[in-house]
Every structure is written in C-alpha cells, then in structure tokens.
Amino acid sequence: MIKLLIDNPLLLLFVVAAIGYPLGRIRIRGSSLGVAAVLFVGLGIGALHPELKLPEIVYVLGLALFVYTIGLSSGPAFVASFRQDGVRNNLLILSVLVFAAALTVTAQRFLALPATVTVGLFAGSLTNTPALAGALETIKHLAPQNLMEQMLAEPVVGYSIAYPMGVMGVVLAISFVQKLWRIDYAEEAKRFKIAGAATESLRSRTIRVTWPQASRLTVAALSLQEKWDVVFGRIKRGEDYLLTGPQVRFQSGDLVIVVGTDAELQRVAEVLGEVSEEEITADRSEFDYRRIFVSNPRVAGRRLGSLELFERFGATVTRVRRGDDDFLPHDDMALELGDRVRVVTHRDRMGEVTALFGDSYRAVSEVDILTFSLGLALGLLLGIVPIPLPGGVTLKLGFAGGPLIVALILGTIGRTGGMVWSLPYSANMTLRQIGLVLFLAGIGTRAGYGFVSTLAKGGGFAIFAAGAVVTCCAALATLWVGHRVLKIPMGILIGMVAGLQTQPAVLGYALEQTGNDLPNIGYASVYPVATIGKILIVQVLLSMLM
C-alpha cells in the first residue's frame, strides 16, 4: 500500500483528503479541527515513509487558490473599514503581531530552537498557513542545497505542533474575558450602529399611515430627514395598488409594506402611524415579487442605483441575499454574481427585470476562466518581485502575499469594462475549500516524517508550550487593549481576534457567541493586513535568525 501511494501521488492526495475532511467535522465538547484535520492526516501518512509525500506544486497551487479567493471576497469590506476605524484596528493588530514575534524570538533563545522551527512556531501559534508558505518560499532562497529538504520540513513541524493550541487557546481566551467582563452581545448590538453589520434579521411589516403631514415630503426626503434605514415596497391606497418610488408622497390611510430590522420598523411606525395586521402582499394580481439570481455579467460589479430600476421598469429591490445572509439594498451596493435579489414590480414587467439580472443558476455556477486566470497570474507575478528593505534585506510577498494583494484590489474594483473580476459566491467558496485542502495535504505529507522524528527526540512538548504562550498572550493582549483601552465593541473585537489568527474556526465560534454579524466586520477589516503582516514577519525572522 505504501509503495502504491508513493507511485501514485494523485491517489495519495485524495486518500488524505477523504480521511481528513470528515475527521475535521467531529466535534468534541463543541469544538472541532475543521479542515485543518487534513494537515494532521497528511502528517500521519507522511510519517510512514520518507518518500510518501505530494509534489511541491500541489501545495503551491492550493495556497494560491485559497488566498486569491479570500482576497476577492474580502476586498470591498477591507476598503470600507478604512472609512471608519480600519486604520486604528489594523494598527492594533500589527502591534500585537510584533509583540507575538518578540515572544517567539524569546522562546527561540530560551529553548535553542532552529530558526526554521521558530518561524513554524510563530505561524502555527497564529494559525496562518500563508505565513508558513511565505517561510517555505524564503527558505528555498536561503538554504544550502544539501539541507534543503530538512529545512523545508522543519517549519511545518513547528507549525503542526503549535497549531492545535493556536485554535483552542484563542477560544479559551475569548470565553474567559467575556465571562470576566459580563459581555451582553445583544445589548451591544443595539447600542452600536455599524455600517454593513446585519445585526438583526430583516422583517417586513404593513404600516398604516395616519400622520396628517405624511404628504408634506417625498419618500426620499422623508427617509433622509428621519434617517430611516428601510426599504418601502407596495402601497395600497383605497382599492388601488402602487409601488413606492423616491418621489412618491404618502397619504393618510395608505397601507405600505416596509422592510428593515425590528428596531427600524418601529421607528418608521412611530412617525407614519401604526403597524397593521392587514396583509397586502397576498394580492399579486397587479404587482408581483420574486427572487432573481444575478447571473448577467453586465450587471455584476455595478452599483444598484446605477441600474435605475424604478425609472426604467417601475421596479424596486427590497432585499439582496448573498450566501446565507439577507442585506438591505442601498443605491451604492455593488451586486455580485450569485446574489439573489428580491424584486417587486408590475406583473407585465417582471420578465424584463428577470432578463436584466439573468436568473440563470447554471451561469452563476461557472467561472470566467479568463478573468480568474489573469488575476491569479498578476498575483503570482507580484509575489516573485523582490522588495528591497533597509539594511540590505530583500523580501518577496511570495505565492501567498502577491495573489492576496492583487485579489483585494480586483475584488474592490469589481469590474474593468466588460471584465468581471469577482467570482460567484458558490464558486468562490468551492475554490477556496479545494485550495485549502490541497495546501494542507501537500505540506502535511511533506513534513510528516520530520514531524515524527522531532517528537521522538523529545522536543515536541517544549514547542507546544511555547506556542500556547504566544497564542494566549497575543489573544489576551488584543482583547484587553481593544476593549478596555480603545473601547472597541466586543462583537467586532472577537472578530478581529479571529482575523489576527486568520482562523475561520475562531470566527465561527465568535459568531455563535454574538448571534449577529458583527464579528464578520472585524474579521474582514483586519484579515488582509494580518495575513500580509505575518508573511513579512516570518521572512524578517528568518533573515535575522539564520
């Protein structure tokens, strides 16, 4: 069997994935390894024989796919964060990364660890696979040829030993401080109004207009004056129905459908009149509604307001569903392939609106190979460009940092002429998962034999303990400074800690704790800087310590 796997690396790849992926879904006391279990299965199989390893191209390809797809989806949120507190938040994360690097160097001096194991310890403590990949890329340029194999395996050994506590240590730190400080996430979500945070589910209510002065202002002017964050749908006026547009004026006695959060709907009702139990959406004889897939490339990447739906078709979008989340549409929202928009319009115009958006499930399941390949190629080229630093040190972003930076830029741009850079949501998630599995399986099998050898020599426990110290100190420092000193809402802050770790498992735990989407805001706002910062730090550490 071992010889069969050595001779057939493709078979080896899928054996590792097929065993590791389901193992990662097993939960013990509410926690699981997730896709990282593929790494440990790869280590276990690779430990059976020094030749039982996947080709280098497997993990390089996986890494490039993983970081590129993350960059495409995170770009808009990353840029938007800098309009608010993004600079402050990212400076906090960079400061903690420098602090973690100092702790790692202290552990290296105290335990007399090789430089290669030390950078693996740093990457594993902060659970960052792109940083590990950056270390491997740097070692290829610095290591002598006769020691290349050994030195490429050692960072993965340090990474693998420190990784488990890199997840569990952060979860324990979050659990500890939220109990210590008695955090009420529901109350916090009500107190902090943060753009882009879907803190509550969207609802629709029928409101009866009783305010005598409702017709004094148009809907657009009234919404601006009252700062309502809602969308108005159909109006029933007597026995007639009409659709709410920006220039429409409400009249006393109107029944109007309003979409928004419970708190916003209450604010609207307090001004306009009262909530009515009458259901006017059941009558679809004149105005109809449906969810439509955004599959037309000419629409993807464009701002919703630029489509002029009400002016052209007498149509209104009341919700945009992206992945599993519903968002309230605004004129400046950029649509993405795979979005599902809920449209209300006259029955006779529904066909035209559907044709505009595309509504093809098959189309959104496909990837534009031209734009995807071109963007990834630009990222790989950026990754191999040497960047000179003071002191004669030359750094490269590598196959992790280059694609990530290019993807952030392209994801923010959205489209260039007729070229749409973003991917459909489902395609992005699929490629991201495949890339991560390829990377973890590749580095796991290549380091397995060296991993077991290190443990057999008795050096594994010291690395594990050092990694636990680095992880817990970094997480606690971020939480204390962020919440106590900078007064960052805890819901956002624990998302930032997940971004510091660049760890989806920690983000999942944070979302479970808050019950809202605030952790996603914190995660997306610091993830790119944290990833790039760690890639650069491991290269600096290698240059200093080797």
Side-chain angles (χ1 to χ4, degrees), residues 39 43 93-144 147-170 173 389 391-396 398 400 443 446-447 450-478 500-502 530-546:
L39 170 65
L43 287 168
I93 293 302
L94 288 175
S95 299
V96 173
L97 288 179
V98 173
F99 171 61
L103 289 176
T104 305
V105 171
T106 302
Q108 187 263 344
R109 298 290 168 83
F110 184 73
L111 301 174
L113 298 175
T116 47
V117 175
T118 302
V119 294
L121 164 65
F122 175 81
S125 300
L126 300 172
T127 63
N128 189 252
T129 46
L132 175 62
L136 298 178
E137 285 293 313
T138 304
I139 289 171
K140 289 178 185 178
H141 298 288
L142 298 178
L147 298 176
M148 184 69 72
E149 281 293 319
Q150 175 188 341
M151 294 183 70
L152 286 175
E154 286 175 345
V156 183
V157 171
Y159 176 90
S160 305
I161 294 173
Y163 187 96
M165 197 60 188
V167 178
M168 293 305 301
V170 178
L389 296 178
V393 178
T394 299
L395 298 180
K396 292 184 179 180
I443 64 172
R446 295 180 70 83
F451 176 72
V452 172
S453 300
T454 300
L455 290 179
K457 294 175 184 177
F461 179 77
I463 297 173
F464 179 85
V469 170
V470 173
T471 296
C472 293
C473 287
L476 290 172
T478 306
L500 168 72
Q501 295 294 114
T502 52
T531 299
I532 295 169
K534 281 182 268 192
I535 292 170
L536 295 176
I537 285 174
V538 295
Q539 295 184 66
V540 171
L541 288 176
L542 281 171
S543 301
M544 288 171 51
L545 301 176
M546 285 185 67

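Below, all heavy atoms of this structure are taken into account, side chains as well, without hydrogens, waters or symmetry copies.
The shortest heavy-atom contact between L94 and G533 is CD2-CA, 4.5 Å. The minimum heavy-atom distance between A173 and L476, with the atom names listed, is CB-CD2, 3.9 Å. Across L97 and A530, no two heavy atoms sit closer than the pair CD1-O, 3.8 Å. Of all non-hydrogen atoms in V119 and T116, the two that sit nearest each other are CG2-O, 3.1 Å. Of all the heavy atoms in V538 and F122, the pair that sits closest is CG1-CD2, 3.6 Å. Considering every non-hydrogen atom in both A474 and L126, the closest pair reads CB-CD2, 4.4 Å.
Residues that satisfy the side-chain hydrogen bond (donor to acceptor under 3.5 Å, both in side chains) test with T127, not counting sequence neighbours, are Q503. For C473, the side chain to side chain contact (heavy atoms under 4.5 Å, CB included) test picks out F99, L103, V469, with sequence neighbours left out. Looking at residues two or more places apart in sequence or on another chain, you find no side-chain hydrogen bond (donor to acceptor under 3.5 Å, both in side chains) involving Q501.
In this structure, the separation between OG1 on T118 and CG on L542 is 9.0 Å, given to the nearest 0.5 Å. Rounding to the nearest 0.5 angstrom, the gap separating the CD1 atom in I463 from the CG atom in L121 is 7.0 Å. In this structure, the separation between OG1 on T478 and CD1 on I93 is 5.0 Å, given to the nearest 0.5 Å.
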With side-chain contact (heavy atoms from CB on, under 4.5 Å) as the criterion, how do I537 and L541 come out once you've worked through the C-alpha distance, each side chain's angles and the decisive distance to 0.1 Å?
CA-CA 6 Å; I537 285 174; L541 288 176; 4.0 Å; yes
side-chain contact (heavy atoms from CB on, under 4.5 Å) assessment of R109 paired with L545
CA-CA 10 Å; R109 298 290 168 83; L545 301 176; 4.0 Å; yes
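The main-chain N or O of T471 is never found under 3.5 Å from a side-chain atom of S125 such that the two would form a donor-acceptor pair.
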